[in-house]
Structure formats: C-alpha cells, structure tokens
Amino acid sequence: MLSIKDLHASVEGKEILKGLNLEVKKGEVHAIMGPNGSGKSTLASVLAGREDYEVTQGSVILDNQDLLDLEPHERAAEGLFLAFQYPVEIPGVSNINFLKTAINNIREYHGEEPMTAKDFLKLVKEKQKLVELSGQLASRSVNEGFSGGEKKRNEIFQMAMLNPKLAILDETDSGLDIDALRIVANGVNELRSKDNGFIVITHYQRLLDYIVPDVVHVLYKGKIVKSGPKELAMELEEKGYDWLKESELA
Amino acid sequence: MSNTTAISKKDAFIANFMKRPKADLSSNHQSIREEALQALTILDLPTSRDEYWKYTRLTSITKQEYHHIEVKLDALQDEWKVEGLEANLMVFANGYYQPHLSNIIDQNVSILTLDQARIEAYDVVDKHFDQYVNAQNEIFTALNTAFNHTGVFVHVSKNEVVEHPIHIIDVVQGESALVVPRNLFVVDQSAKAQIIHSIVSNGGEKAFVNGVSEIVVGENASVEYQMIQTIGDTNQQIQTTQVTQANNSKFTTGAFTFNGQLVRNNLNILVEGTGCETHLNGVYLLDGKMHVDNHSVVDHLMPHCESNENYKGVITDKATGVFNGKVFVRPDAQKINAFQSNQNILLSDDATINSKPELEIYADDVKCSHGSTTGQLNQEGLFYLESRGVKPQEARKLMINAFADEALSEVGVDTLKEKLEVMIADRCQQF
C-alpha cells in the first residue's frame, strides 16, 4: 500500500533523511524507533507535506499515487493521516466545525456530496466513545486548554473520524501517563483493520506493549538500519542503540 | 497666504452644513447651538500634524460638496434587521426620521426622536444634552452640535428595564448626502438598556456621516451599546460616542466595521464612579483601500473599577487600520484592573496597521496591562488543519473567522451575536 523508495530530505540545507526505504502493506503496523536526531519526526513531516522540508530524491507512493506531488490537504484526501507529536491549539475554531469542513472537503475531492448533519453527528457520537472523549471536549476549540492526554486522544478521535488508509503516529505516547496511553492504544487497536496500515513512531518500547507491531524498524542517521519482529523493540529497550551503531559501523 | 487657503477650505466645508434651514429650538438649546457656532469660528480642520489625527487624513471628507437630502424610505431591507429579534425600532434615512418604518414596543421607557424629546422630555434633554461632549475643542462635535438633523433620545427611568433591545438604523442614500445624527441615551439608577446601532447604505454614494452620541449610565445601571458599520465603500463616517459612568454601573460597547471608505470612531468613556465595569470591543475587516480608525479613551477617576478592551483587525489589499487606545488611571483610582489589547492580522504586503495602546497611570495600587500584536495567520495552525484534509482557503477562513469572533464574547443579545458571526463569516469569504 505504501512504498517509500530511496527518500532523501533536507531541512534548511541539511540532509536528514539519506535514502530511506519502507514498505507497508495493508493490515500491517510498522514501528519506527531510533535515537534522537535519527530522522523519525522528519519522516513524519515529509510524508504529511510540511513546508520547510525539501525532498531531494526518492518517491513515496500510496496506492499508485505519488504523495510528493500533492499538497498536504490532498495527501489527507488520498488517505494519509499524521497524528502530531505536538497537536496545535487553535483558539476559536471548534473541533466539530473543523472536522465537518475536513470531511466535506475530502468528500468534495472525491466528487462526493457533503455528509448530512445527521450522519455527521452520528459519526461524532460513535467515534468519541472510542477514545473516551467527552462531548464537551469534542465541541470545544481545537486543542485549546486540553491536557496532554486530551490532545492525544483528540488526535485519535480525528483519525477515527477521517478513517485514513495510512496513519502515522508521531510519538503519540510521549508525555502520556499509563491510563491515557491505554486509552489511546485501545482507540488505535479498534481502528486496525485488514484495509489500513499504521506507522508508529516512538522512542519507547512501552507503547508497543499496547499497539503490537508486525515489524519494527530502527532508523539511524536518516536510514533504516535494521528491521525485525516485535521482539526487536524489547532488545532495543534493554541494550539501547549503541550496539546497532557499532554493528552498522563495522 | 497658506493661512487664507486653510480658512476658505474650512469655510467651504462648513457651508455644506449650513445649507439646511435652522431648526426651531428652545432658547436654551439655541444658546448651545450658538456656542458651537462660535467655537467653529475658532476651530480649524485637523491635519496629520495634530496628534489626534496623525494617521488619518481627512481630505477625502473635507474636499467634497454635500447636500441635505430628505428621503422617505419605502421599506427596510432584511439584512439591516437582526433576524429573530423583536426590537424597538427607530429608523432614519440621511438623518431624517422614518416614522412609518419605526416601531416602539416597550411603553415603560421614552424612545423618541431628539426633536420630540425637546418638547416631551424637555427637563431630561435640558439636563444632559451636550453636557458630556466637547464641542468647544473638537470641530466635528461642534459641527454636530450646531447642525444636527435629529436622532434618537432614550430615557430609561430608575429601576426600569427595556425588555426589548432598541435598534437604531441609520440609512444613507443618494449622492453626496450629509448626515448629522445626534443621539442621547440616559439610563437612570438601576435601570437597564441594550442598544444596537446600525449604519447602512441603501445605494448611497459619497456620503459623509458626522454622528455624535451621548450616553449617560446611572448608578448601578447597565447599558450595552453595539454599533454595526456597513456604510458602503464610498461613504465616510466620523462617529463620536461620549459615555459617562456613575457608581457600580456597567457599560459594554462594540464597534463592528465591515466597510467604508473612511471610518473614524471616537469613543470616550469617563468612569466617574467607583465599582464600575467597562467593556470595549471592536472588529474591523478591511480590504481595498478602506481606512478605519478607532480611537478610544477610558478615563478612570475612581477606585475599584475594571475595564477590558479588545479590538481585532483583519486587513488586506491596500487597506489601513488605526488603533489608538488610551487608558488613564487618575490618582484617586486605586485598585483598578485595566486590560487593553489590539490584535491584527495582515494578509497582504500593502496592508497597514498603526496601533498605539497607551496607559497613563497616576495611582500606585493598580493592575494594568496592554498589548498589541500584528502578524500573519498562524502557519502551524494552517498546516494542522490542512493535514486533516481542509483546503488551504477554507483553513484560512476558519482561522480568520475564529480570530475575529473572539471580540464577540461581550455581545449580550444572542440574535445579534449570531448575526455578527454570520456577517464576519460572509466577510471572511472575501479575503
């Protein structure tokens, strides 16, 4: 479904991704781990189309569509979703109003009629249960005054509403206590299906106890240097990354 | 030589006002008018060398010729009204009262034209008319005092509440109309009133509206005065609002400006009582070559008061905004909380804002803050919305809309708030 080939990307002239390859098939969850500065968040930003990142080489294909040719909103319409590491607070824009606009813009992109108000509210009701988000939070301004946990739950709520083909969770577990982590992970697990895929970017193995990946990759200096089954995450947690660096250098 | 030219320019401008026959006034009001006329012989037209007018050039107003155009309106357009609001309606066209379109529901208060009030509520008018504005030092106020058409008089007696909001609609029509409305609102002790003031255009071109309102907020009284300016792209307005607040009173006001070639709002609030609450809000949404200038003064004379000022502007194309907000805290005014904010979003390279929030504090136990921000839309916020599938233009609209809507929090009439939300959203479609 997603195929990243030889991806090179720079920020302010500095190359961060240096030939990254990754294949995600439908129904799979891939975890990407790696030390600070290895390029994890850059990968997420490049895929979502953040402005400051320049792709110098390579391709990113989602179901026959090259994402790199598209604007951020078009990538979303093609089925890509990025859960932000730091969700943005937008005072005055209500969550509900914003989601309605997003859903209807995506439907318009596919030549579909806008969703009726009734269907939309039904969907909201159904999906907010998934992440135990109260109706009050759902109707407030986007992330304004939300706690860290509420912000991350709101990301998963939005993901559930948009039902993407491929979701990238960028350090969604950072700053979460164990209860919030469980709620977020449950939400993701409920959404897993044979038709979609996930890339879970994380620093800690802890999240992978709850969202069990099919494949774990280690990103180091802008490349994937090792891939393996879920046990690889445990090994990284125990040994750190140094042994990999050494073997990489060897 | 240059002096002579200046004088003749002023005289030519004043001659526009003099075209209308003088009203038949009581001797007292005739003397007020004569004092204003006297002041006009001394006062000059301001230039950009005057600090008060530094960023607003008045040539576009003063160089034109105007006429007093008496009209009878056939009907009110729906967009001038507030949908779903049952209101006491007072309608004027080019300054002339339109009794057939006006409608007073509440009988426990006096809602009259100022002309009627000079006869029917003589004592109240006599006590308050022209007692608060400064016709001796301000030329546009002097012009209004000397030559006003008429306007709205509201008197709410002690302990009375105006159940339905009072909606004043000032319509501008025809070519080069000179409109000089004068309003007086007197709200006595423990009384309450909500007033909406719309200034609209019915295909009017090149008009000049020189309005003055005096608002007297009695002890423990509550007054809300919201002004909606949709005056039209070639029309100009200078609107002076003078407010005085007695002990424990509450005054809330807003200026919502959607268009106008040149609009200048002078809002002066004298907080003479202790324990008062004052809210000032404004939104200006400007494109083309519009010029909108909001000058406000909140003068705290007494302790234990709170004032809250929040003006927001969105400016694009070659439009210009001016904000000058002054808060005085006098030596006796201890325990004052005064907050002042002016925020602007500039959407084009040629858009301009001159923003000057000022605090002058002469007391030592006060909490005051002021701030002004000017910037572009939050890029991180835009990317967040777009990354969820919202089209870039929609994302912009959502954010501009949200920014402006924040200044609506003190609008107490729900139907008006809804109307303003829709008007702001519609206006944002054009940015």
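Between A:Glu108 and B:Lys391 there is a salt bridge, since at least one side-chain N of the basic residue sits less than 4.0 Å from a carboxylate O of the acidic one.
Counting heavy atoms from C-beta outward, A:Ile90 and B:Asn378 have side chains that stay 4.5 Å or more apart.
The line from CZ of A:Phe98 to CG of B:Leu398 is 8.5 Å long, rounded to the nearest 0.5 Å.
In plain terms, the two heavy atoms of A:Val93 and B:Ala402 that are nearest each other are CG2-CB, 3.5 Å. Minimum heavy-atom separation, B:Glu394 to A:Thr101: OE1-CG2, 3.8 Å. Scanning all heavy atoms of the two residues, the minimum distance from B:Arg388 to A:Ile106 falls at O-CD1, 3.7 Å.
Among A:Arg75, A:Gln158, A:Met159, the residue making the largest number of heavy-atom pairs under 4.5 Å with chain B is A:Gln158. Of the listed residues (B:Pro392, B:Ser387, B:Gly389), the greatest number of heavy-atom pairs within a distance under 4.5 Å of chain A belongs to B:Gly389. Your options are A:Ala102, A:Pro91, A:Ala77, and the one with the most heavy-atom pairs under 4.5 Å with chain B is A:Ala102.
Within 6.0 Å of the NZ atom in A:Lys100, the count of heavy atoms belonging to other residues, nucleotides or ligands does not exceed 12. In A:Asp69, the CG atom is crowded: over 12 heavy atoms of neighbouring residues, nucleotides or ligands sit closer than 6.0 Å. The local environment of NZ in B:Lys335 is sparse, with at most 12 non-hydrogen atoms from other residues, nucleotides or ligands closer than 6.0 Å. Atom OH of A:Tyr86 sits in a sparse spot, with 12 or fewer heavy atoms from other residues, nucleotides or ligands closer than 6.0 Å. Within a 6.0 Å radius of CD in B:Gln430, other residues, nucleotides and ligands contribute more than 12 heavy atoms. Dense packing is recorded around CD of A:Glu112, with more than 12 heavy atoms of other residues, nucleotides or ligands lying under 6.0 Å away. Counting non-hydrogen atoms of other residues, nucleotides and ligands closer than 6.0 Å to CG of B:Asp349 gives a total of 12 or fewer. Atom NZ of A:Lys165 sits in a crowded spot, with more than 12 heavy atoms from other residues, nucleotides or ligands closer than 6.0 Å.
Residue A:Pro164 does not touch chain B at all, counting heavy-atom pairs closer than 4.5 Å. Only the side chain of A:Asn143 comes within contact range of chain B, with at least one heavy atom under 4.5 Å from a heavy atom of that chain. Heavy-atom distances place both the backbone and the side chain of B:Glu380 under 4.5 Å from chain A.
Close placement of the A:Phe84 and B:Phe383 rings is indicated, their centers lying within 6.0 Å of each other.
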